[in-house]
Amino acid sequence: MAAASIMPPHTNPPPPATARDPTATVSDPQRHRDAPTPSLRALFLRAVDPSRPSSWSTAVADLLSSGDPVAALAAFAAALRANPAALRPALPPALRAAAAATSLSAGRQLHLLALRSGLFPSDAYSASALLHMYYHCSRPLDARRAFDEIPAPNPVIVTAMASGCVRNNLVYTALSIFRSMVASDSAGVVDEAAALVALSASARVPDRGITGGIHALVSKIGLDGHTGLANTMLDAYAKGGGHDLGAARKLFDMMERDVVSWNTMIALYAQNGLSTEALGLYSKMLIVGGGVRCNAVTLSAVLLACAHAGAIQAGKRIHNQVVRMGLEDNVYVGTSVVDMYSKCGKVEMAWKAFQKIKGKNILSWSAMIAGYGMHGYGQEALHVFTDMRKSGLKPNYITFISVLAACSHAGLLNEGRYWYNTMKTEFGIEPGVEHYGCMVDLLGHAGCLDEAYDLIKEMKAKPDAALWGALLSACRIYKNVELAKISAERLFELDATNSGYYVLLSNIYAEAGRWKDVERTRVLVKTRGIEKPPGYSSVELKGKIHLFYVGDKSHPQYKEIYAYLEKLLERIQEAGYVPNTGSVLHDLDVEERESMLRIHSEKLAVAFALMNSVQGSVIHVIKNLRVCTDCHAAIKIITKLTGREIIVRDIKRFHHFKDGLCSCGDYW
DNA sequence: CTAGGGTTAG
């Protein structure tokens, strides 16, 4: 990229004065990014005096900061032709331009230039920029080699080394560089920049206590009070060893906060599934933010929390805020709105929001495809996919996960097969475990068990537990005990801790009347000490999230809920619901057997919502696992009996229950 | 008369 034009540094006539355009400016927003020529004309205007080397370096730097590194490199070449003395001031920004363009060839030529002119290794400015360039071009060894040439590297150069290491995933090296800076013991070596780099390294390392150590050091040298540093520290506490959100929050409460602090803390909660905390902190920001106003980033983070919790009322409130702030067409915010509505069961609203987004990127499209897909609207998802390709965007790995998942949820066997093959042949994307997962699911549900098994056998990537699990559940539908045994064996080699698979296998054996195998599975669960991840369901009522666990008695209204549910279950039994008395599952699951009423969380949540919501309103329930067969049957009849509409989001997809039927066609 | 560093959204 723009490599040939840089060398060599001999004198040439100055640039043509006729190139000046009195109306152009460097920051002209109309300037096209891919066309360096107008930029150069702007540059010549800026470079009023070619005899002043510094004016050239400013021009190179300006073009770089306006986002056109290629033009910056061209300007550097022009600068050298105009005045060889421009080399010294213009070389560092030129190196940064090569880094921004990730042009190793340009960078290497500049390195040579630096060597010939003697600027490297003696000039610290050029040296730090050179290291920066090599790290940005993913050449850590070249950077290291250059660093070893520098006789007395200053703290700026050392910090550049550490940050480059972080960038290239040499996190422990970065930390040891930081430690050596601390050990050098001369005042001022460890400054704000060095501490920031160390914290960014500590955020990527599983070891506990590193962030705390840096925190202590930062306080000791009096660097606390820097909000930027504290913001980075929040992230490091939450993402580094220990995932200590508590420590992050403690710091957050003490420090001086700007908008980034609030956004960071809210996003950390949202990303860790602590939706209530994220939403709570957002409210607090609005009330006690101390003049800090929320922005697009805040709203995206809060929308993520709403999406996770299925908090539609809160989600709508945030959406109103988005509209008030005129951010509906913002691609990041808009995509978050789409995701929120999809995951809150309002896919029509998602579609409306989707249409408002300006400059939709691949994530926006993928979110919409996934949204339709998880609601079982396979054709709609494929239509969006077609529109996306028409718009000129190329689908990627992620897009195809959404597309295949949509086919799988809607049972679109031929379409799924078609896109799976086309993805490989036409788009050159090698399918990963996620794609195989969708295909195994799709083929399995359609009864093509052998084809699904063959697919797993032929794949290049290592099959994961979810894949064998998908095949296993297909084996259950089609009562294929032999293939179930094979799947289970592979499964238990991979993931011996997820009890769901043991339950599934045990059920398959039970249904086939193979009680010895049932017993063997039961023993396996006991000896391996497997715990079931607690299943829970949640319901939003008046903007507050109510959580229910299996046999949960912690809710203040629990007595009324159980009484109501008991009556409801009686009524639906009269209407034809047969409770699943299959003892297999309960024998397997000690905790569940011993719990007072063995009532699944989704039934509790539904009962609670029926009791407390307005007649005629749609009930939304979120479940963290797959909805169980028994509850699925029960909820269907509940909708018939009560005339209510119930939407359940489980870990994989949505179930729209209405008039005794479910949108999944009992196929999930 | 320049240079080195970081965080948030998708």
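Only heavy atoms go into these numbers, but all of them, side chains included; no hydrogens, no water, no symmetry mates.
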Residue [X], side-chain atoms from C-beta onward, closest of [options]:
| X | options | answer |
| --- | --- | --- |
| Ser200(A) | dT8(B), dT7(B), dG5(B) | dT7(B) |
| Val156(A) | dG4(B), dA3(B), dG6(B) | dG4(B) |
| Ala61(A) | dA3(B), dG6(B), dG4(B) | dA3(B) |

Hey, does the side chain of [X] come within less than 4.0 Å of [N]'s phosphate (OP1/OP2), counting only N and O?
| X | N | result |
| --- | --- | --- |
| Arg204(A) | dT7(B) | yes |
| Arg88(A) | dT2(B) | no |
| Lys239(A) | dT8(B) | yes |
| His132(A) | dG5(B) | yes |
| Thr159(A) | dG5(B) | no |
| Arg96(A) | dT2(B) | no |

Specify the separation, in whole Å, of atom [atom1] of [X] and atom [atom2] of [N].
| X | N | atom1 | atom2 | result |
| --- | --- | --- | --- | --- |
| Trp262(A) | dT7(B) | CH2 | C1' | 16 Å |
| Leu199(A) | dT7(B) | CG | P | 10 Å |
| Leu251(A) | dT8(B) | CG | P | 15 Å |
| Met233(A) | dG6(B) | CE | C1' | 11 Å |
| Leu130(A) | dG4(B) | CG | C1' | 13 Å |
| Tyr237(A) | dT7(B) | OH | C1' | 16 Å |
| Asn231(A) | dT7(B) | CG | C1' | 6 Å |
| Phe178(A) | dG6(B) | CZ | P | 14 Å |

When we call it a touch if two heavy atoms are under 4.0 Å apart, what does [X] touch: a base, just sugar-phosphate, or nothing?
| X | value |
| --- | --- |
| Ala267(A) | sugar-phosphate |
| Lys360(A) | nothing |
| Asp191(A) | base |
| Ser336(A) | sugar-phosphate |

query: Does Arg88(A) make a cation-pi contact with Tyr125(A), if we ask for NZ or CZ under 6.0 Å from the ring centre and within 45° of the axis?
result: yes

message: Does atom CD (Glu256(A)) have a neighbourhood of more than 12 heavy atoms from anything else shown, all under 6.0 Å?
response: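 At most 12 heavy atoms, drawn from other residues, nucleotides or ligands, come within 6.0 Å of this atom.
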
message: I'd like to know whether CZ of Arg389(A) has more than 12 heavy-atom contacts from other residues, nucleotides or ligands below 6.0 angstrom.
response: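 Count over threshold, so yes.
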
- prompt: Excluding sequence neighbours, so at least two apart, what forms side chain to side chain donor-acceptor pair (under 3.5 Å) with Asn330(A)?
  reply: none

field: Tyr134(A) and Arg144(A) side chains, donor-acceptor separation under 3.5 Å
entry: no

- prompt: Between Asp258(A) and Ser261(A), is any side-chain donor less than 3.5 angstrom from a side-chain acceptor?
  reply: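 Side chains of Asp258(A) and Ser261(A): pair found under 3.5 Å.
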
